[in-house]
Structure formats: C-alpha cells, structure tokens
Amino acid sequence: MSQTQDESTTRSQPQRVDVLVVGMGFAGMYILYCLRQRGLTARAFEAGSDVGGTWYWNRYPGARVDVDSVQYSYNFSDELTQEWEWSEKFCAQPELLRYASFVADKFDLRRDAKFNTRVTSAAFDKETNLWTLETDQGDVATAPYCIMATGSLSTPYKPPYPGIDDFAGDWYHTGTWPHEEVSFAGKRVGIIGTGSTGIQAIPVVAEEGNHLTVFQRTAQYTTPARNRPMSPDEQREFNEHRDEWIREMYHTFNAMTGYPLPTKSIHDDSPEERRDFFEKRWEIGGMPQAMLATYKGVNVDMETNTVVADFVRDKIREIVKDPEVAERLCPPTDMPIGSKRPPIDTDYYETFNRDNVSLVDIKKTPIERFTEKGIKTADAEYELDAIIFATGFDAMTGSLLAIDIQTSDGSSLKQAWSDGPNSFLGLMVAGLPNLFTINGPGSPSVKANMIVMIEHHTDWIMDLIDYLAANDLNRVEADEDAQSNWVEHAREVAEATLMPVADSWYVGSNIPGKKRVYMPYFGGFEKYWKLCVEIAADGYRGFKLSRSGTKEAPPSVAAE
Ligand code: N01
C-alpha cells in the first residue's frame with residue numbers, strides 16, 4: 001500500500017504505514033527505494049519543495065561537489081549507473097540536483113513523499129509500539145519504525161549580529177539560497193565566512209560583483225581542485241569497473257578510491273624531495289587527500305602536519321601578490337591542516353589578486369553590528385548592497401534536535417543529548433526504540449563519501465528490520481552500555497589525533513553554547529563497516545531486540 005500526496009491525512013485520521021522517513025535528500029530517496037523493494041509501506045516528509053537535500057538548498061554561486069562525481073553516485077542500481085553521465089570531475093550543484101531528480105523519476109520516489117512539509121515532532125508510544133510524526137502542515141502519520149534522513153549539514157547557522165533588520169540591502173545565507181537568479185552585477189557585496197562554502201563562492205561572486213569584501217575570521221587551508229570536463233570514455237571505464245571500485249571503497253578510510261595512501265615518512269625525504277613531491281601533488285590537485293595523504297602521520301603527528309601546512313602557507317605567499325593580504329590568508333600555525341574540514345578550490349587564493357576584492361580580518365577587528373549601509377567592524381564601516389552569510393551549519397545534531405523527539409515513558413532526544421550527542425554507531429540512540437539516524441554523530445559519515453555512507457547505513461537498517469520481522473520481533477533499541485562504550489571508543493580514537501584541535505563544526509564550537517565533542521567517528525569506514533557486519537552476525541550485539549507492545553503486529557516483509 002502506498003498513498004499519494006493528495007491522500008495525506010489530517011490530525012483526526014493518522015496515516016499508518018510501516019516506516020516513516022524524515023527527509024528526501026539522497027538518504028531519504030534511497031530509503032524509500034529499499035522499503036519498496038521489500039514491500040513495506042512508507043511515508044516521507046520533506047521541508048523543501050522537491051528532492052535533493054543538500055543540493056536542493058545549497059544553490060549558492062560556485063556550489064559543487066568535492067568528491068569525484070563518479071564516486072559521489074548511487075551504487076545500488078546498475079541500470080542507473082549506465083544511464084547517467086557526469087559532465088565534470090567535480091560537478092556543479094545544478095547537475096547534482098538534476099541527478100537527484102532523475103533518480104526520483106526513474107524509481108517514482110516522489111509518490112510516497114510529501115514536500116513543503118517540515119516534521120515538528122516525533123513521539124513513540126511504548127504500548128502501541130508506534131512512532132507518530134506531526135508536521136507543520138497538520139499531518140499526522142504513524143509507523144512502528146522511523147528513519148531520520150535529516151542530513152548532517154542542514155540547519156544553517158546565521159550569527160545573531162545586532163542591526164540585521166536595519167540593513168537596507170539584501171542578505172542571503174548560502175544554505176537557503178533563493179531559487180530565482182541572484183545577480184551581483186555592479187553591486188558592493190560582502191561575504192562572511194571562509195569555510196568550504198565561502199571558498200567556493202568567493203571566486204565566482206568576485207567575477208560578478210563590482211566589489212567584494214571578504215570578512216574572514218579564521219583563514220583556511222585549501223588546495224586546488226583542478227576540476228575538468230569528464231570524457232565519456234572516462235565515465236565508461238569507471239562504469240565497467242564499478243564493482244571493483246565499490247569493493248575498494250569498502251576497504252578505505254573514507255570510502256573513496258583513487259588516492260593512494262602515503263607510504264613514506266617525512267624523515268625519508270630531504271626538504272628538497274618533499275618540496276618536489278608536494279609540488280607534483282599540488283599540480284595534480286583533486287580531493288583534499290592529494291595533499292593530506294602525502295606523508296604518513298599527517299593526522300596524528302604535529303611535526304608532519306606542520307611540514308604539509310607550511311607548504312600550503314608558502315603557496316599562499318607565492319600566489320598572493322600583496323604580502324600583507326597573503327599573511328592574512330595564512331592559517332594559524334597552531335591549527336593543523338585537516339582539522340577543519342579541508343576544502344578544495346578553483347582560484348581561491350588567486351582571487352585576492354583582483355582589484356575588486358578586499359579581505360577584512362574580523363578576528364582582529366570583529367564585526368560589531370549591521371547598519372543601514374552595511375557592516376560596522378571595530379575600526380570601520382563597510383558600505384554594501386548585499387551580504388552573503390557563508391557561516392555554516394549547526395552540524396550533525398541541529399536538524400535532529402529541531403524535532404521534538406520523545407517517548408511515552410519520558411525519554412527525549414534533547415535530554416539524551418543534554419551533555420553532548422550519544423549514539424550507538426551513529427545509527428540509534430539508547431532510550432529511543434525503533435528510531436534510526438542516517439549519518440548520526442558517532443558514524444564516519446562526514447569524514448567519508450556520503451553516498452557510500454548513506455547506502456551502507458540504509459542497507460544495515462533494512463537488514464535489521466528484515467531480521468526483526470523474520471524472528472517475530474518488533475522492537476530494537478541501543479543498549480546503554482554498548483552505546484557508552486562506543487562513545488568512549490570514538491572519543492579515544494579522535495583524541496589520539498589532531499582532529500579535535502581546531503575550532504570547527506566537527507566539534508560544535510561554531511554554535512554558541514554547543515558542547516564541545518568531536519562528533520564524527522574517526523576510526524575509518526573500513527573498520528566501522530566490518531564492525532557493523534560483525535554486530536549483525538552476532539544477533540545484533542549491543543542492541544536489545546524484543547517483541548513489545550500489545551496492539552501491533554510486526555510489519556510483514558515481502559519476498560525481495
Ligand atoms: O561552513 P563552515 P561551510 N562570525 O562552518 C565563519 C560541507 N560543504 O558552509 O572558521 C564570523 O565550514 C567561520 O569562521 P571560523 C563541508 O563538509 C561541502 O563553509 O569558525 N565568522 C568559517 O569561516 C563543510 O565543511 C561542500 O572562525 C563566522 C565559516 O563562517 C560544511 O559543508 C561545499 C561566524 C563557516 O565555515 C560546512 O561548510 C560546501 C561568526 N559568528 C560545504 N560563524 C562540497 O562538497 C561562522 N563563521 C564541495
């Protein structure tokens with residue numbers, strides 16, 4: 001059974017399905033596909049007006065993927081793989097959104113989703129064994145299982161500068177970019193933020209704007225993407241060997257292939273040899289691994305890290321003609337390269353050689369307020385016609401905590417995470433039965449290829465739902481001890497590295513008041529994947545499985 005959008009029900013008559021899904025980005029779409037394959041009914045809700053998630057919302061100038069497009073593709077359907085061709089090594093947002101739409105059309109996925117609808121609450125009744133979702137459009141839907149496919153970077157963060165309402169010009173957040181075209185031609189534009197987003201947007205906006213003022217709080221390390229068109233031969237070659245590539249991805253740290261692991265230590269090479277090696281990698285460019293995976297130990301050893309970071313700082317000084325601007329663009333020496341999410345760019349540092357671009361260090365002279373004319377810092381007022389916030393997201397936890405998630409015995413996500421996010425494998429939170437998270441905190445998620453993560457998590461959850469049905473069970477919950485052990489393990493793994501050193505969204509420090517915890521699992525995808533297999537083979541060790549609730553039968557799983 002599946003109901004169309006028009007049949008969506010009202011408060012008085014909740015819609016009952018087997019599985020509820022929140023979000024119709026790349027995760028939500030794959031979940032719907034899998035549920036349908038199993039003959040399970042589903043209802044998905046999505047705040048946007050269509051599919052695509054990240055690529056639906058982030059329409060800012062310059063937005064593009066920074067994992068090779070061929071690897072940033074679904075793997076579940078050979079037919080889909082054969083039918084789709086990417087035009088560039090790192091495709092731009094419009095093409096990624098077309099891909100999402102193509103997939104939704106091909107598998108008729110929109111049929112089970114309601115768009116323009118934000119889920120506001122999720123409540124679990126332990127008696128009936130049902131989750132009930134409510135939305136801002138008055139929908140009520142129930143199911144024994146609920147999967148949160150809400151995205152890791154989907155709650156935009158805009159710093160609450162005073163005076164924003166006084167500003168007479170237009171302002172935009174990159175994460176909620178308008179659908180209609182925005183022209184900056186002839187305008188004085190200001191952009192706040194130099195993370196992955198700012199670094200992509202700045203060179204493109206600079207080409208268009210009359211003058212662009214970049215407000216930088218912390219300089220970032222970025223390395224050349226060397227984006228280029230994809231030839232049909234290249235795509236064909238990849239498709240023909242896709243199975244081998246996928247197998248390889250499962251044996252890597254970040255679920256990506258084609259970037260060899262380092263084999264040497266910095267002490268194996270002379271400074272000149274290191275420089276030659278770095279120069280070659282800089283010329284080749286590509287994913288951040290091109291520079292980060294040059295020498296062993298870059299993530300754990302500050303001496304090695306500094307050698308790589310110093311090369312990037314030297315490059316900045318070589319590229320940027322004004323020495324003062326170059327110094328401002330050099331990341332601080334106590335911030336290891338790779339500890340903030342490493343971006344890749346097209347002509348980022350070169351952009352600061354343009355006459356129409358200026359750089360303001362807002363760590364030195366902080367923004368005090370917005371004014372009618374623009375932005376007032378500690379030492380100047382900048383007159384602007386438009387302001388872009390590239391100030392990031394309340395990552396990994398923001399979109400989950402935005403939903404009031406609770407159970408009939410008084411557990412709630414807010415309470416469970418009051419001292420930082422706890423999750424078993426990033427898949428389930430103790431105290432919240434039958435509720436799954438895709439790429440939750442504690443999964444490798446954002447430290448790996450997100451599409452592979454989405455497929456992995458979804459397949460694992462589907463196997464678990466099958467297992468429950470096959471064993472006449474209907475409830476699963478993460479065990480508190482197993483969860484605590486996992487959280488502790490994830491903390492130890494991260495703390496043995498340089499990763500938690502920098503202030504970043506990985507540790508939540510970009511959000512005032514958020515507890516500082518390194519949220520992703522940094523033990524690598526291969527290790528994580530193998531552990532998930534082992535846990536399942538061991539009858540879902542660390543999860544409490546039961547037959548519960550008096551009124552509900554388990555969902556029946558049709559033959560695949
Ligand atoms: O956000 P960010 P993002 N006052 O948090 C600054 C993914 N992504 O949207 O460094 C002044 O990284 C902040 O300064 P600081 C990717 O995973 C992927 O750029 O905190 N400034 C920083 O410069 C990425 O990591 C792709 O000192 C403030 C910037 O705003 C993630 O999304 C492309 C401020 C925010 O950087 C987020 O990237 C783009 C304040 N109060 C993004 N608050 C691709 O796949 C924040 N800032 C290609």
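First listed ligand is number 1; within each ligand, the first listed atom is number 1. Residues take their numbers from the sequence shown, with the count starting at 1.
Contacts with ligand 1 closer than 4.0 Å are made by no heavy atom of Gln216, backbone or side chain. In Tyr72, neither the side chain nor the backbone holds a heavy atom less than 4.0 Å from any atom of ligand 1. Only the backbone of Ala390 comes within 4.0 Å of ligand 1, judged by heavy-atom distances. For Phe90, no heavy-atom contact with ligand 1 is shorter than 4.0 Å. Neither the backbone nor the side chain of Ile199 has any atom closer than 4.0 Å to an atom of ligand 1 (non-hydrogen atoms only).
Note on ring orientation: taking the six-membered ring where Trp is involved, the planes of Phe76 and Phe107 are tilted (angle from 30° to 60°). Ring-plane geometry between Phe522 and Phe253 is classed as perpendicular, the angle between the planes exceeding 60 degrees on a 0 to 90 degree scale with a lower cut at 30. Classified by interplanar angle (parallel below 30°, tilted 30° to 60°, perpendicular above 60°), the ring pair Tyr528/Tyr521 is tilted.
What you find for Gly442 and Trp486 is that their closest heavy atoms are O-NE1, 3.0 Å. In this structure, Pro520 and Lys447 approach most closely via the heavy-atom pair CB-CG, 3.7 Å. Ile337 approaches Leu292 most closely through the heavy-atom pair CG1-CD2, 3.8 Å.
The shortest contact between atom 45 (O) of ligand 1 and any protein heavy atom is with Asp66 OD1, 3.1 Å. Counting only heavy atoms of the protein, atom 27 (O) of ligand 1 lies nearest to Thr218 OG1, 2.5 Å. Ranking the protein heavy atoms by distance from atom 1 (O) of ligand 1 puts Gly392 CA, 3.2 Å first. Here the protein heavy atom with the shortest distance to atom 13 (C) of ligand 1 is Arg217 NH2, 4.3 Å. Residue, atom and distance of the protein heavy atom nearest to atom 2 (P) of ligand 1 are Trp505 CD1, 4.0 Å. Among all non-hydrogen protein atoms, the one lying nearest atom 36 (O) of ligand 1 is Gly195 CA, 3.6 Å.
Taking distance alone, with nitrogen or oxygen atoms compared against 3.5 Å, Ser196 approaches ligand 1 more closely than that limit. For ligand 1, the polar-atom distance check finds an N/O of Thr197 within less than 3.5 Å of one of the ligand's N/O atoms. Between Thr194 and ligand 1, an N or O atom pair is found at a separation short of 3.5 Å. Where the criterion is an N or O separation shorter than 3.5 Å, residue side chain and backbone included, Asn510 fails it with respect to ligand 1. Inclusion of Tyr161 in the set of residues having an N or O under 3.5 Å from an N or O of ligand 1 is warranted. In terms of polar-atom proximity, defined here as any N/O pair under 3.5 Å, Gln200 makes no such contact with ligand 1.
Between Glu83 and Phe102, the closest side-chain pair of non-hydrogen atoms falls below 4.5 Å. Two residues are said to be in side-chain contact when any heavy atoms from C-beta on lie closer than 4.5 Å; Val214 and Phe352 meet this criterion.
Of all atoms in ligand 1, listed by their number and element, those nearer than 4.0 Å to a heavy atom of Arg64 are 44 (C), 45 (O), 48 (C). Atoms of ligand 1 lying under 4.0 Å from any heavy atom of Gly193, numbered from 1 in the order shown and given with element: 6 (C), 23 (O), 29 (C), 30 (O). Which parts of ligand 1 touch Lys340 is read off a 4.0 Å heavy-atom cut-off, strictly below it: atoms 10 (O), 15 (P), 20 (O). Below 4.0 Å from some heavy atom of Tyr60 lie the following atoms of ligand 1, by number and element: 33 (C), 39 (C). For ligand 1, the atoms sitting less than 4.0 Å from at least one non-hydrogen atom of Arg341 are 16 (C), 17 (O), 18 (C), 24 (C), 25 (O), 45 (O), numbered in the order shown with element in parentheses. Residue Leu153 has at least one heavy-atom neighbour below 4.0 Å for each of these atoms of ligand 1: 7 (C), 17 (O), 31 (C), 32 (O). Of all the atoms in ligand 1, the ones that sit under 4.0 Å from a non-hydrogen atom of Pro159 are 34 (C), 40 (C), 41 (N).
With hydrogens and angles left out, the side-chain atoms of Lys89 and Ser69 include no donor and acceptor closer than 3.5 Å. At a cut-off of 3.5 Å, with distance as the only test, no side-chain donor of Gln71 or Asn449 sits close to an acceptor on the other residue. Side chain to side chain, Asp394 and Thr155 fail the donor-acceptor criterion of an N or O pair below 3.5 Å. A donor and an acceptor atom, one from each side chain of Ser49 and Tyr56, are located under 3.5 Å apart. Side-chain N/O atoms of Thr174 and Thr197 include no donor and acceptor closer than 3.5 Å.
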> Could you go step by step and tell me if Asp322 and Arg328 meet the salt bridge (charged side-chain N to carboxylate O under 4.0 Å, His left out) rule?
Replying inline: CA-CA 10 Å; Asp322 180 330; Arg328 246 177 278 157; 5.9 Å; no
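For the ligand labelled ligand 1, residue Lys363 lies outside the 4.0 Å heavy-atom shell. Using a 4.0 Å heavy-atom cutoff, Val446 is absent from the residues neighbouring ligand 1. At least one heavy atom of Ile362 sits closer than 4.0 Å to an atom of ligand 1.
Remark: of the listed residues Tyr172, Phe389, Tyr60, Tyr172 is the sole one forming a ring-ring contact (aromatic ring centres under 6.0 Å, His included) with Trp177. Screening Phe525, Trp245, Trp529 for a ring-ring contact (aromatic ring centres under 6.0 Å, His included) with His251, the sole residue that qualifies is Trp529.
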